[in-house]
K.L.:
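The structure that follows is given in the form of structure tokens.
These numbers come from a predicted model, not from an experiment. Heavy-atom basis, side chains included; hydrogens, waters and symmetry copies ignored. Remember, it's 1-based here, ligands and their atoms both numbered in the order they're listed.
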Amino acid sequence: MPVAYIEDIARHVGEEVTIRGWLRHRRSSGKIHFLVVRDGTGDLQAVVSKGTVGEEQFAQSAALTQESSLILTGKVRQEARAPGGFELDVTRVEPVQLAEPFPIQPKEHGVGFLMEHRHLWLRSSRQHAILRIRHEIIRACRSFFDDRGFVLVDTPIFTPNACEGTTTLFQTQYFDETAFLTQSGQLYSEATAAAFGKVYCFGPTFRAEKSKTRRHLMEFWMVEPEVAFAELPDMIDLAEGFLSFIVGHVLKTSRNDLAVLERDLSKLERVVPPFPRITYEEAIALLQKKGNPIQRGDDFGGDEETLLSSEFDRPVIVHRYPAAIKAFYMQTDPSRPDLALCMDVLAPEGYGEIIGGGQRMHDHEQLLARIREHKLPEEAFRWYLDLRRYGSVPHAGFGMGIERAVAWICGLDHVRETIAFPRMLYKLYP
Ligand code: 4AD
Ligand code: MG
């Protein structure tokens with residue numbers, strides 16, 4: 001019998017096929033069992049009648065528990081009343097394994113309990129929808145850069161130096177040296193941009209953030225373009241095009257999954273260029289007007305980002321923060337040396353920062369002075385300084401955290417559901 005996936009079921013109407021999956025739930029009435037089966041690609045209602053399958057298989061069906069694995073053979077029929085529009089008239093039932101009582105029942109469970117059972121929670125239709133959208137977001141990230149001539153050059157995870165400041169490094173042993181888990185591929189992408197012109201890297205990044213917020217993970221995935229001969233305005237335009245493309249792609253491919261999440265599509269449909277652009281100083285004035293106690297020179301926390309991003313109906317780009325509160329590698333504004341040529345993109349609906357980036361310092365002497373000011377180990381940055389000795393050019397890039405983007409596009413209130421196995425503060429299981 002041909003094996004079919006539920007997502008292709010419409011092509012098999014009138015045919016007999018085999019479906020392999022797991023039981024979501026069973027409802028029985030006299031001589032009929034209704035089995036709702038999922039196979040990872042969709043759900044299908046299967047009708048098992050005693051008259052067709054015989055006493056033994058009918059009794060086996062009655063014993064099937066939630067999440068039991070099974071193989072069903074039957075004829076596909078169009079059925080307007082069934083969820084999904086099709087039903088399977090079963091001719092053969094083969095249980096594969098009878099599941100023990102499943103911990104996650106179709107009722108409300110606390111988040112703590114669900115997180116402890118994350119390995120099983122992934123089977124729920126909501127988690128399924130989120131992770132499928134994540135997959136489409138990643139596909140869109142890759143296509144966007146691939147179609148524009150960027151070369152994917154991945155960067156290392158073990159590193160001898162910090163990229164985003166030393167306070168959030170995970171330290172590990174690398175034979176007889178100390179190594180750190182990377183916080184960002186950027187520094188290495190600056191080297192590959194000088195080799196390939198336009199590059200991006202995409203991989204896991206690590207931050208020992210001692211903050212328990214709805215936006216922070218200890219391990220998250222970041223996609224980071226880096227472009228030689230590019231400056232801050234080029235990155236602002238690139239980020240705008242990039243985010244519009246991703247949202248457009250998800251709206252095209254993921255309507256059903258967005259519906260499972262009850263996402264308000266009109267909010268996503270507004271994500272088209274031009275995005276508003278404001279300076280850090282304008283952002284401070286706006287926050288103060290809204291009654292936030294922030295002072296010029298302060299960095300934004302979650303509250304400020306939420307407040308700012310709720311002011312706009314599409315992502316807002318905030319640029320030119322004080323150099324003093326930004327990373328060591330940022331180019332300063334020639335007309336205002338106290339400001340960095342950097343930008344953050346804040347997602348709408350209060351989601352806060354999803355992209356950070358800007359122009360990199362390309363002058364050797366200035367960069368060396370910065371490294372010393374920040375008391376960074378010069379020796380570990382020798383290779384990075386070399387990039388300023390051999391054909392240095394203005395260059396710029398940015399990084400987008402995949403999980404933050406997924407939380408926003410899916411409309412979730414916490415990043416913990418945006419990745420299959422989130423690494424959170426003091427939480428390493430499962
Ligand atoms: O703003 P960040 O720290 O920028 C960088 O790492 C640059 N080196 C990137 C570059 O220019 N190539 O981080 C970039 C993005 C943030 O905007 C956010 O989306 C995400 O990474 N991010 C986190 N996501 C989840 N959990 C965390 N703890 C995150 N920290 C940053
Ligand atoms: Mg940032």
K.L.:
Picking from T166, T168, T205, T159, what satisfies side-chain hydrogen bond (donor to acceptor under 3.5 Å, both in side chains) with Q183?
P.N.:
T168
K.L.:
Counting only protein atoms, how many N/O/S atoms are less than 2.8 Å away from the Mg ion (ligand 2)?
P.N.:
1
K.L.:
Looking at F328, is R370 sitting on its ring face, NZ or CZ under 6.0 Å from the six-membered ring centre and within 45 degrees of the normal?
P.N.:
no
K.L.:
Looking only at N/O atoms, are H216 and ligand 1 under 3.5 Å apart anywhere?
P.N.:
no
K.L.:
Would you say that more than 12 heavy atoms from the other residues, nucleotides or ligands in this model lie under 6.0 Å from the OH of Y5, or not?
P.N.:
no
K.L.:
Going by the order shown, which atoms of ligand 1 are within less than 4.0 Å of some heavy atom of I355?
P.N.:
17 (O)
K.L.:
Between R134 and T418, is there a donor-acceptor pair closer than 3.5 Å when you use the side chain of the first and the backbone of the second?
P.N.:
yes
K.L.:
Which residue is it: H319, E240, M343, E226? I am looking for the one with a side chain to side chain contact (heavy atoms under 4.5 Å, CB included) to M235.
P.N.:
M343
K.L.:
With heavy atoms of Q186 as the reference, note each atom of ligand 1 found under 4.0 Å away.
P.N.:
7 (C), 8 (N), 10 (C), 11 (O), 12 (N)
K.L.:
Between D39 (side chain only) and I6 (backbone N and O only), is there a donor and an acceptor less than 3.5 Å apart?
P.N.:
yes
K.L.:
Is it true that atom CD of E100 has more than 12 heavy atoms of other residues, nucleotides or ligands lying nearer than 6.0 Å?
P.N.:
no
K.L.:
Identify the protein heavy atom lying closest to atom 14 (C) of ligand 1, giving its residue, its atom name and the separation to 0.1 Å.
P.N.:
M222 SD, 3.4 Å
K.L.:
Using a strict cut-off of 4.0 Å, indicate which atoms of ligand 1 neighbour a heavy atom of Y329.
P.N.:
7 (C), 8 (N)
K.L.:
Starting from atom 18 (C) of ligand 1, which protein heavy atom do you reach first, and at what distance in Å?
P.N.:
R404 NH1, 3.5 Å
K.L.:
Among E226, R360, E224, which one puts a heavy atom closest to atom 11 (O) of ligand 1?
P.N.:
R360
K.L.:
Counting heavy atoms only, which of M400, M218, E403, R215 is nearest atom 25 (C) of ligand 1?
P.N.:
R215
K.L.:
Hey, is R263 close enough to E349 for a salt bridge, meaning N to O under 4.0 Å?
P.N.:
yes
K.L.:
State the atoms of ligand 1, each with its element, that fall below the 4.0 Å cut-off from a heavy-atom position in G401.
P.N.:
15 (C), 19 (O), 20 (C), 21 (O)
K.L.:
Where is the nearest protein heavy atom to atom 5 (C) of ligand 1: which residue, which atom, and how far?
P.N.:
E164 OE2, 3.3 Å
K.L.:
Evaluating non-hydrogen atoms only, which member of R423, M330, R207 is closest to atom 3 (O) of ligand 1?
P.N.:
R207
K.L.:
Identify, for atom 17 (O) of ligand 1, the protein heavy atom at the shortest distance, and state residue, atom and that distance.
P.N.:
E353 OE2, 2.6 Å
K.L.:
Using a strict 4.0 Å cut-off to heavy atoms of G357, name the atoms of ligand 1 that fall inside it.
P.N.:
11 (O)
K.L.:
Per the side chain to side chain contact (heavy atoms under 4.5 Å, CB included) rule, which among T155, L387, V199 passes with E190?
P.N.:
L387
K.L.:
Only heavy atoms of E209, strictly under 4.0 Å: list the atoms of ligand 1 that pass.
P.N.:
28 (N), 30 (N)
K.L.:
For ligand 1, note which part of W221 has a heavy atom under 4.0 Å away: side chain, backbone, both or neither.
P.N.:
neither
K.L.:
To the nearest 0.1 Å, how far is atom 30 (N) of ligand 1 from its closest protein heavy atom, and which atom is that?
P.N.:
F220 CZ, 3.4 Å
K.L.:
Does this structure show an ion pair linking E67 with R38, if we count only N-O contacts that are shorter than 4.0 Å?
P.N.:
yes
K.L.:
Would you check, one step at a time, whether the test salt bridge (Lys or Arg N to Asp or Glu O under 4.0 Å) holds for R336 with E281?
P.N.:
CA-CA 12 Å; R336 279 284 303 275; E281 289 174 355; 2.9 Å; yes
K.L.:
Tell me whether K326 is salt-bridged to D344, with the criterion being a basic N under 4.0 Å from an acidic carboxylate O.
P.N.:
yes
K.L.:
Which atoms of ligand 1 are found less than 4.0 Å from any heavy atom of G356?
P.N.:
1 (O), 9 (C), 10 (C), 11 (O), 17 (O)
K.L.:
Just one of F150, F242, Y200 clears the ring pair (Phe, Tyr, Trp, His ring centres under 6.0 Å) bar with F144, so which one?
P.N.:
F242
K.L.:
Has the side chain of Y280 got a donor or acceptor atom that lies under 3.5 Å from a matching backbone atom of G297?
P.N.:
yes
K.L.:
Does the plane of the ring in W221 sit parallel, tilted or perpendicular to the ring in F202? Use 30° and 60° as the thresholds.
P.N.:
tilted
K.L.:
With atom 19 (O) of ligand 1 as the reference point, say which of I354, V345, L217 has the nearest heavy atom.
P.N.:
I354
K.L.:
Side chain or backbone of T205 under 4.0 Å from ligand 1, or both, or neither, by non-hydrogen atoms?
P.N.:
neither
